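Below is one structure, written out as structure tokens; the observations come after it.
This one's a predicted model, so the numbers in the text were calculated from it and none came from an experiment. The sequence lines fix the lettering, A, B, ..., with proteins before strands; numbering per chain opens at 1.
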Amino acid sequence: IFCYNPILTCLSKAGKMEEARALFSEILEKGLTPDALTYGALICGYSKEGNMMAAAMCFNEMLDRGLLPDNLVYTVLIDGYFKAGNVIEAVAIFHHMKEKNLVPDHVTYCSLISGFCKQGEIEKAVQVYQEMCVEGVEPNIVILNALIDGLCKLGNIQGARQLFDGIEEKGLAPDNITYSTMIDGYCKAGNVSEGFKLFDDMQLKGVEPHSFVYNALLNGCCREENMDKALNLFHEMLQKGFATVVSYNILINGFCKSWKIQEAQSLLETMIEKQVLPDHVTYTTIIDWHCKVGMMEEAYRIF
RNA sequence: GUGGAUCCUCUAC
């Protein structure tokens with residue numbers, strides 16, 4: 001079993017659950033006894049791919065064998081249930097974990113907070129955050145990022161900004177994700193200039209913006225249909241090597257929204273030249289807009 | 001020790 005576990009872990013991590021399942025059957029056929037790590041690997045893998053039925057079966061089998069799931073197993077289950085939209089089960093698992101006297105850690109709390117945020121239940125997320133603080137788990141930057149994002153996405157940009165402004169007095173420092181979250185929040189709220197202000201601030205603080213930050217701003221410019229500004233930024237990105245397939249997708253969509261289908265089309269050719277592989281988003285965007293303007297022949301050709 | 005958490009783009013739902 002000690003030989004099988006690491007292989008199983010690798011398969012689960014790579015998302016190859018059919019193979020993991022086959023290996024697990026082989027373990028049973030050989031008369032070996034799976035241990036907590038064996039089940040842990042399977043549960044992680046299934047949860048990650050959103051197969052919560054299979055994850056739950058493994059979890060129950062594990063309990064039936066008298067094996068004790070650790071913090072990590074509970075956390076991936078909570079995370080998986082939230083991502084599958086099953087808040088009830090996620091919360092039930094959290095309670096189960098506490099009944100077993102396990103101590104939820106940063107990652108567990110973060111999964112709960114982010115999960116509630118994505119379900120639009122920000123007050124629950126805040127409640128968990130407060131409970132976490134009472135339990136003596138100090139907030140870290142990842143947790144604050146999750147909360148800030150939740151507030152932004154629910155349109156509470158002021159609340160997000162308050163949390164953001166309080167980061168340093170907690171002895172923490174905003175990172176690239178913090179900035180890209182806030183900047184995206186401002187851009188989506190229609191306040192692109194505040195996004196650029198934060199973009200300057202972060203550089204003054206020595207946090208070098210990476211591609212997500214640029215992409216958020218790029219998208220902000222496109223939403224304002226300010227394609228000149230978008231192109232300026234894009235050239236900076238090209239120079240710094242931060243232009244990804246997402247950056248191209250944002251620009252292509254921006255041009256399409258401004259009815260500049262030709263520009264979008266030539267950008268598609270540029271990206272191919274530059275060895276940036278178009279993905280399904282690129283093609284969905286281009287094809288969708290060709291349909292919208294009635295260029296069905298061309299849409300089919302690209303398809 | 002090892003497996004877990006947070007940010008950007010399109011369409012549809």
Side-chain angles (χ1 to χ4, degrees), chain A residues 2 5-14 20 36-48 55 69-80 82-83 97 104-118 125 128 132 137 139-153 160 163 174-185 187-188 195 209-220 222-223 230 237 242-254 256-257 264 278-292 299:
Chain A
F2 299 115
N5 282 342
I7 306 174
L8 209 54
T9 302
C10 287
L11 289 175
S12 295
K13 223 180 150 180
L37 282 180
T38 317
Y39 283 107
L42 286 173
I43 294 169
C44 285
Y46 283 129
S47 297
K48 220 176 226 172
D70 62 10
N71 235 315
L72 208 138
V73 167
Y74 280 103
T75 304
V76 295
L77 281 171
I78 291 171
D79 197 52
F82 267 119
K83 287 181 177 150
M97 152 179 210
D105 62 14
H106 286 100
V107 184
T108 316
Y109 281 114
C110 189
S111 297
L112 283 159
I113 290 169
S114 149
F116 276 125
C117 286
K118 299 247 154 71
V128 171
M132 177 190 86
V137 176
N140 64 16
I141 193 64
V142 178
I143 289 169
L144 291 178
N145 288 345
L147 257 184
I148 289 172
D149 185 54
L151 289 165
C152 285
K153 297 258 165 33
L163 253 184
D175 63 9
N176 242 292
I177 296 186
T178 321
Y179 282 107
S180 70
T181 304
M182 272 313 305
I183 290 172
D184 185 59
C187 287
K188 296 231 166 90
H210 284 316
S211 65
F212 277 35
V213 175
Y214 280 95
N215 287 339
L217 286 168
L218 198 62
N219 199 30
C222 289
R223 290 165 69 99
M237 297 173 74
F242 289 151
T244 65
V245 58
V246 174
S247 321
Y248 281 96
N249 291 345
I250 291 169
L251 264 187
I252 288 174
N253 191 47
C256 289
K257 273 193 292 196
D279 61 8
H280 73 278
V281 176
T282 321
Y283 286 113
T284 313
T285 307
I286 296 257
I287 293 173
D288 182 49
W289 280 93
H290 276 89
C291 292
K292 278 184 185 144

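- Across all strands, A:Thr284 comes closer than 4.0 Å to base atoms (heavy-atom distances).
- Minimum atom distance to the side chain of A:Asn71 is reached by B:G4, of the listed B:C8, B:G4, B:A5.
- Among B:G3, B:A5, B:C7, the nucleotide with an atom closest to any side-chain atom of A:Val107 is B:A5.
- Here the side chain of A:Asn140 is nearest to one of B:C7, B:C10, B:A5, namely B:A5.
- Using a 4.0 Å heavy-atom criterion, one finds that A:Thr75 contacts the bases of the nucleic acid, with or without backbone contacts as well.
- Closest to the A:Ala146 side chain, of the nucleotides B:G3, B:C8, B:U6, is B:U6.
- A:Leu72 comes within contact range of at least one nucleobase, with a heavy-atom separation under 4.0 Å.
- Nearest nucleotide to the side chain of A:Lys83, out of B:G4, B:C8, B:A5: B:A5.
- For the OP1/OP2 pair of B:C8 and a distance below 4.0 Å, the side-chain nitrogens and oxygens of A:Lys153 include at least one atom meeting the criterion.
- Judged by atom type and distance alone, A:Asp288 does not reach the base of B:U11 through any side-chain donor-acceptor pair under 3.5 Å.
- Not one N or O on the side chain of A:Asp288 forms a donor-acceptor pair closer than 3.5 Å with the backbone of A:Thr284.
- In this structure, A:Ser47 contributes its side chain and A:Cys44 its backbone to no donor-acceptor pair below 3.5 Å.
- The base of B:C7 lies outside donor-acceptor range of the side chain of A:Thr181, with no N or O pair under 3.5 Å.
- For A:Phe212, the listed nucleotide lying nearest its side chain is B:C7; candidates were B:U6, B:C7, B:C10.
- Within the nucleic acid shown, A:Thr108 comes within 4.0 Å of at least one base atom, counting heavy atoms only.
- Counting only heavy atoms from C-beta on, A:Asn219 has its side chain closest to B:U9 among B:U9, B:G4, B:U6.
- At a threshold of 4.0 angstrom between heavy atoms, the contacts of A:Asp105 include nucleobase atoms, whether or not backbone atoms are also involved.
- In the set B:G3, B:C8, B:C10, the nucleotide with an atom closest to the side chain of A:Thr9 is B:G3.
- A:Ser114 contributes no side-chain N or O that, together with a main-chain N or O of A:Ala146, makes up a donor-acceptor pair within less than 3.5 Å.
- If you check B:C8, B:C10, B:U6 against the side chain of A:Val246, the one that comes closest is B:C8.
- The nucleotide whose nearest atom lies closest to any side-chain atom of A:Lys188 is, among B:U9, B:C7, B:U11, B:U9.
- Taking atom CD1 of A:Ile78 as the reference point, atom C1' of B:G3 lies 15 Å away to the nearest angstrom.
- Minimum interatomic distance between A:Val137 and A:Pro104 (heavy atoms only, all atoms of both residues): CG2-O, 4.0 Å.
- No donor-acceptor contact under 3.5 angstrom links the side chains of A:Asn219 and A:Asp184, judged on distance only.
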